[in-house]
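Every number for a ligand or one of its atoms is a count from 1 in the order of the listing. A quick note: this is a predicted structure, and the numbers were derived from the prediction, not measured.
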Amino acid sequence: MFTDRAKIYIKAGDGGDGCTSFYTEKYVPNGGPDGGDGGDGGNVVFKVNANASSLSEFRFGKHYRAEDGGNGSGKNRHGKTGADLVLTVPRGTVIRDAESGGIIADMYYPDDEKTVLRGGIGGKGNARFKSSRRQAPGFSQKGEPSKERAVVLELKTIADVGLVGLPNAGKSTLLSVLTRANPKIANYPFTTLSPNLGVCYTDDGSFTIADIPGLIEGAADGAGLGHRFLRHIDRTRLIVHVVDISTFDDAVRDYKTVNTELVRYNDELADVPQIIALNKTDCADPQSIAEFRAAVNDAPIFEISGVTHKGLTELVTAVERKLKTLPPPAPMEFEPFVYEEADPESYTIDRADDGAFVLGGALIEKLARTVVLDDRDSFMYFQRRLDVSGVTKALKKAGIKAGDAVRILDTEFTYEE
Ligand SMILES: Nc1nc2c(ncn2[C@@H]2O[C@H](COP(=O)(O)OP(=O)(O)OP(=O)(O)O)[C@@H](O)[C@H]2O)c(=O)[nH]1
Ligand SMILES: [Mg+2]
């Protein structure tokens, strides 16, 4: 099955914990601290794979994790840095934050690479906390944890030309004769169930063509294959609108129906220039062609046949000329969404129902993982950090008195002056 949209869960690696350890050796009773640092967690990186054409491998909404950093150990051994997780996606994949819908990246160019999540920082080992006044720090930092995030991957095909039209109009046939693509062709509607891409080579160069599944009235509301595939038209620079002129149906109405659905899906598509390919002229009534020409004058019309190849050279030349006048293809313009790395100096003070002072925020969380709160030595260090960073002062301002409870994450202690 073709997949052009997938929601997946990604998580960078957690930082490894720093180690608390003291050098020991026979006959050396009180060696210094020698706990090594934890390694940083691996990043989550997205990379374009120019050969991929769908998001099928992501269709099960899996959880993807980069490697955690290793824990530090004694003898100043640092933990290993976690390996990055590299996820490859086809060109044209737009990565969004699932919660806010914000665009994180447009993987547009063949060598695009984007680090979407940074791994947690490794905790420092106790060897790092040694100072002239503290010869034997009995604590080390925990590694920084990283959060799992949900992202939506959406493939928005990048092609110069998009073929649109009613089902059975002959779009895939046209793609197959203009390019080396080999799409399924059959005399019934909805033969094409997913977009096909091909490259049309000319004397001057080449351009890419995307053939998308047929549209019917109500497609924007979900009729037929719905508008699911219209996003593959969003970034084509030129639309070749294929109209079957051989049927007894009203070709002018068919043409208008498709245009209405395009604009209902995305009104910016009204601004994408069109060239009309009046197809199946090999078995059309000249009267119908004349009527179509009389009724439609909002786009240049080429009479062609995908079967006899009539008019194809003229069509290709016109497409090529038109493309030259259009702005070059470019990635989407957007304000990139970035996962917040909380302000490392921020903290919050709240009162719980039972009167306890609850400390939170990035600063507190970081401090809390820095120390082992039930270790005396470590706790003193923690208190000093609260003083230095102004948290103690803020607590006093908030009315704290000796004997009041202070809660940090899941630890509670009593405030003393
Ligand atoms: N006589 C004639 N038949 C054609 C021409 N072009 C396509 N056909 C036939 O029309 C039928 C539909 O062609 P496709 O190329 O599958 O049409 P499509 O627009 O891709 O259809 P969907 O994928 O269902 O939207 C096939 O039987 C083709 O052989 C043409 O120029 N002349
Ligand atoms: Mg088709």
Participant: Can a donor-acceptor pair be found, under 3.5 Å and without considering hydrogens, that links the side chain of Lys171 to the backbone of Ala210?
Facilitator: no

Participant: Taking only heavy atoms of Tyr188 into account, list the atoms of ligand 1 that are under 4.0 Å away from them.
Facilitator: 24 (O)

Participant: Which residue owns the protein heavy atom closest to atom 29 (O) of ligand 1, what's the atom, and how far is it?
Facilitator: Ile185 CG2, 4.0 Å

Participant: Ion pair present between Lys280 and Asp244, side-chain N to carboxylate O less than 4.0 angstrom?
Facilitator: yes

Participant: Looking at Lys156, Arg231, Arg59, which hits salt bridge (charged side-chain N to carboxylate O under 4.0 Å, His left out) with Asp4?
Facilitator: Arg231

Participant: Flag the pair Lys310 and Asp282 as a salt bridge only when some basic side-chain nitrogen lies within less than 4.0 angstrom of an acidic carboxylate oxygen.
Facilitator: no

Participant: Starting from atom 13 (O) of ligand 1, find the nearest protein heavy-atom neighbour and note its residue, name and distance.
Facilitator: Thr173 OG1, 3.5 Å

Participant: Is Thr281 close to ligand 1, meaning an N/O of one under 3.5 Å from an N/O of the other?
Facilitator: no

Participant: Run the numbers for me: atoms of ligand 1, each under 4.0 Å from some heavy atom of Gly214, listed by number.
Facilitator: 25 (O)

Participant: What do you reckon, does Pro189 have a nitrogen or oxygen under 3.5 Å from a nitrogen or oxygen of ligand 1?
Facilitator: no

Participant: What part of Ala186 sits under 4.0 Å from ligand 1 if we count only heavy atoms: the side chain, the backbone, both or neither?
Facilitator: backbone

Participant: Could you tell me whether any N, O or S atom belonging to Thr173 is less than 2.8 Å from the Mg ion (ligand 2)?
Facilitator: no

Participant: Look at atom CD of Glu99 and say whether more than 12 heavy atoms of other residues, nucleotides or ligands are closer to it than 6.0 Å.
Facilitator: no

Participant: Return the closest protein heavy atom for atom 6 (N) of ligand 1 as residue, atom name and distance.
Facilitator: Asn279 ND2, 3.3 Å

Participant: Whether the side chain of Thr157 engages the backbone of His232 through a donor-acceptor N/O pair (distance < 3.5 Å, no angle test) should be reported.
Facilitator: no

Participant: Any N/O of Lys184 closer than 3.5 Å to an N/O of ligand 1?
Facilitator: no

Participant: What verdict does the side chain to side chain contact (heavy atoms under 4.5 Å, CB included) test give for Val243 and Leu278, after you've listed the backbone C-alpha separation in whole Å, the side-chain angles of each residue and the deciding distance to 0.1 Å?
Facilitator: CA-CA 5 Å; Val243 180; Leu278 266 192; 3.9 Å; yes

Participant: Assess whether a salt bridge exists between Arg235 and Asp106, defined as any Lys/Arg side-chain N lying under 4.0 Å from an Asp/Glu carboxylate O.
Facilitator: yes

Participant: Do me a favour and list the nearest non-hydrogen protein atom to atom 17 (O) of ligand 1 with residue, atom name and distance?
Facilitator: Gly170 N, 3.1 Å

Participant: Is it true that Asp40 and Thr81 share a donor-acceptor pair across their side chains at a distance under 3.5 Å?
Facilitator: no

Participant: Does the distance from a Lys or Arg side-chain N to an Asp or Glu carboxylate O, for Arg118 and Glu144, drop under 4.0 Å?
Facilitator: no

Participant: Hey, is ligand 1 close enough to Cys283 that some N/O pair sits below 3.5 Å?
Facilitator: no

Participant: I'd like to know if the Mg ion (ligand 2) has an N/O/S atom from Thr191 within less than 2.8 Å of it, counting both backbone and side-chain atoms.
Facilitator: no

Participant: In the protein, which heavy atom is nearest to atom 23 (O) of ligand 1, and how far is it?
Facilitator: Thr192 OG1, 2.8 Å

Participant: Looking at ligand 1, does any of its N/O atoms fall within less than 3.5 Å of an N/O of Pro167?
Facilitator: no

Participant: Please say whether the positively charged group of Arg351, taken as NZ for Lys or CZ for Arg, lies over the ring of Phe357, i.e. under 6.0 angstrom from the six-membered ring centre and within 45 degrees of the axis.
Facilitator: yes

Participant: Pro213 versus ligand 1: do any nitrogen or oxygen atoms come within less than 3.5 Å of each other?
Facilitator: no

Participant: Any salt bridge linking Asp160 with Arg237? Criterion: basic side-chain nitrogen under 4.0 Å from a carboxylate oxygen.
Facilitator: yes

Participant: Which pair of heavy atoms, one from Leu175 and one from Pro183, lies closest together, and at what distance?
Facilitator: CD2-CG, 4.0 Å

Participant: Around atom 32 (N) of ligand 1, find the nearest protein heavy atom and jot down its residue, atom name and distance.
Facilitator: Asp282 OD1, 2.8 Å

Participant: Which of the atoms in ligand 1, numbered in the order shown and given with their element, are less than 4.0 Å from a heavy-atom of Ser172?
Facilitator: 15 (O), 18 (P), 20 (O)

Participant: May I ask you to identify the nearest protein heavy atom to atom 12 (C) of ligand 1, giving residue, atom name and distance to one decimal place in Å?
Facilitator: Asn168 OD1, 3.0 Å

Participant: Got an N/O contact under 3.5 Å between Ser305 and ligand 1?
Facilitator: yes

Participant: Name the closest protein heavy atom to atom 8 (N) of ligand 1, giving the residue it belongs to and the distance to 0.1 Å.
Facilitator: Lys280 CE, 3.6 Å

